[in-house]
Asks: 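Just passing along the structure, written as structure tokens.
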Amino acid sequence: MADKPVALAQKKLMDVKLGQLPSWLGTRDFTPNGLLGSVRGGYERYYNKYINVKRGGIGGIAMFIAGYIALSYLWEYDHIKHDRWRKYH
Amino acid sequence: MMVSFFDQFASPSYLGIPLIAIAIALPWVLYPTPSSRWINNRLITAQEWFINRSTNQLMMPLSVQGHKWALLLTSLMIFLITINMLGLLPYTFTPTTQLSLNMGFAVPLWLATVIIGMRNQPTVALGHLLPEGTPIPLIPVLIIIETISLFIRPLALGVRLTANLTAGHLLIQLIATAVFVLLPMMPTVAILTAAVLFLLTLLEVAVAMIQAYVFVLLLSLYLQENT
């Protein structure tokens with residue numbers, strides 16, 4: 001079944017074929033304004049999908065906090081590996 | 001490089017980006033703006049209820065002039081509570097353990113209350129330096145003491161918050177290390193220590209909230225004296 005022909009610039013990331021990835025990246029807006037816009041768009045998508053719903057539960061915030069914990073771990077890895085080495089010396 | 005228990009309070013940075021920037025900006029993301037709908041989602045409804053109640057409580061003892069500070073004091077309290085609670089999660093960084101941040105909050109706000117008092121009602125503000133009913137011989141000493149206590153207020157505000165949070169985090173790390181090390185050697189003692197750790201974590205949650213509240217409450221008290 002053939003999909004409707006859509007211009008490459010308007011495709012979402014998951015619909016882009018692997019070979020088209022570099023050219024798709026070329027159509028994205030990497031100016032500071034563009035980056036800000038994409039961050040805001042991402043926030044709106046997350047907010048409207050998980051939090052701004054009629055019966056939102058703890059899942060929306062819990063996923064966000066889990067992501068924050070993962071990010072903090074990544075930030076502090078350089079220091080944490082010293083703790084691990086110290087234990088075994 | 002000496003590894004110590006105080007390393008958790010060093011400001012971490014990765015690829016040149018400090019984590020403290022993300023940690024300070026995070027509370028802003030967690031409190032979305034209410035939309036113009038009649039009934040908002042559950043998160044916003046809960047937040048609005050909490051914020052309205054706490055602002056009401058905070059503004060009750062203040063005069064009408066002091067109500068201009070409502071936005072500042074409420075947002076400060078929400079900010080501090082969120083940052084303290086987020087700092088209890090694993091691997092996260094608590095900006096309020098840095099003395100610089102807390103003094104940055106305490107000194108300007110305290111100074112603002114003092115200047116407001118001195119500008120609007122200088123006699124009353126200076127009158128606070130001498131409690132009523134002091135015996136006459138004690139007056140000079142007491143004025144000096146009250147002036148010192150006035151100037152120590154911002155220091156106390158900042159250091160109180162820093163010390164409470166730093167001490168709590170240090171204790172948690174120490175006792176957690178103890179549990180970890182004891183587990184292969186004496187499992188029973190390790191389980192008891194783990195129970196202590198659990199209780200300590202509950203205490204830390206309480207301390208996180210209380211300290212933020214105390215900070216803002218004292219500021220509102222200083223404001224009340226001076227408006």
Side-chain angles (χ1 to χ4, degrees), chain A residues 12-14 21-22 24-26 28-89, chain B residues 1-47 82-83 85-95 169 173-174 176-178 180-181 183-184:
Chain A
K12 292 201 219 180
L13 177 58
M14 288 296 136
L21 196 57
W24 179 82
L25 279 175
R28 306 298 293 173
D29 185 10
F30 286 112
T31 65
N33 254 341
L35 287 174
L36 230 63
S38 60
V39 168
R40 200 181 330 132
Y43 172 79
E44 298 271 318
R45 278 202 306 272
Y46 186 86
Y47 180 67
N48 286 322
K49 181 164 183 194
Y50 291 111
I51 304 193
N52 203 10
V53 289
K54 212 196 305 193
R55 296 188 58 198
I58 204 168
I61 308 187
M63 280 195 290
F64 186 77
I65 290 187
Y68 176 56
I69 295 179
L71 194 72
S72 304
Y73 180 73
L74 177 77
W75 236 265
E76 304 219 15
Y77 181 68
D78 256 344
H79 166 69
I80 292 176
K81 71 183 176 198
H82 289 297
D83 284 339
R84 191 164 33 92
W85 290 349
R86 185 176 51 137
K87 231 169 32 147
Y88 295 117
H89 280 78
Chain B
M1 188 187 90
M2 260 284 290
V3 185
S4 73
F5 277 109
F6 286 99
D7 287 343
Q8 61 176 316
F9 301 120
S11 195
S13 72
Y14 180 70
L15 299 178
I17 307 175
L19 181 59
I20 192 171
I22 300 184
I24 290 184
L26 194 64
W28 171 60
V29 178
L30 287 172
Y31 295 92
T33 329
S35 62
S36 51
R37 291 179 166 182
W38 181 39
I39 298 181
N40 283 302
N41 58 57
R42 285 178 175 181
L43 180 69
I44 290 186
T45 314
Q47 283 171 3
T82 313
I83 281 194
M85 300 281 285
L86 282 176
L88 289 170
L89 297 169
Y91 297 121
T92 44
F93 177 69
T94 323
H169 284 243
Q173 197 172 34
L174 275 169
T177 314
F180 207 63
V181 168
L183 204 53

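Within every chain, numbering begins at 1; the chains are lettered A, B, ... in the order of the sequence lines, protein sequences first and strands thereafter. Just so it is clear, the structure is predicted and the values come from calculations on it, not from any experiment.
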Asks: Would you give the length of the straight line joining atom CZ of B/R42 to atom CD1 of A/I58, rounded to the nearest 0.5 angstrom?
Replies: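 If we round to the nearest 0.5 Å, B/R42:CZ and A/I58:CD1 are 11.5 Å apart.
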Asks: Tell me, for B/I39 versus chain A, whether the close heavy atoms (under 4.5 Å) come from the side chain, the backbone, both or neither.
Replies: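 Answer is neither: B/I39 stays 4.5 Å or more from chain A.
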Asks: Would you mind checking which part of B/L19 comes under 4.5 Å of any heavy atom in chain A, side chain (CB onward), backbone (N, CA, C, O), both or neither?
Replies: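 Contact with chain A is through both the backbone and side chain of B/L19.
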Asks: Quick one: of B/L86, B/N40, B/V29, B/I44, who has the most non-hydrogen atom pairs under 4.5 Å with chain A?
Replies: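 Heavy-atom pairs under 4.5 Å are most numerous for B/V29.
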Asks: Side chain, backbone, both or neither: which part of B/V181 has an atom under 4.5 Å from a heavy atom of chain A?
Replies: neither
Asks: Return the CD1 to CG distance between A/I65 and B/L30, rounded to the nearest 0.5 Å.
Replies: 6.5 Å
Asks: So what's closer than 4.5 Å to chain B heavy atoms on A/D78: side chain, backbone, both or neither?
Replies: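 Neither part, no heavy atoms under 4.5 Å.
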Asks: Taking the side chain from A/Y46 and the backbone from A/I51, do they hold a donor-acceptor pair closer than 3.5 Å?
Replies: no
Asks: A/K49 and A/V53: which non-hydrogen atoms are nearest, and at how many Å?
Replies: O-CG1, 3.6 Å
Asks: Looking only at heavy atoms, what is the nearest atom pair of B/G87 and B/T94, with distance?
Replies: CA-OG1, 3.3 Å
Asks: Tell me, for B/A23 versus chain A, whether the close heavy atoms (under 4.5 Å) come from the side chain, the backbone, both or neither.
Replies: both
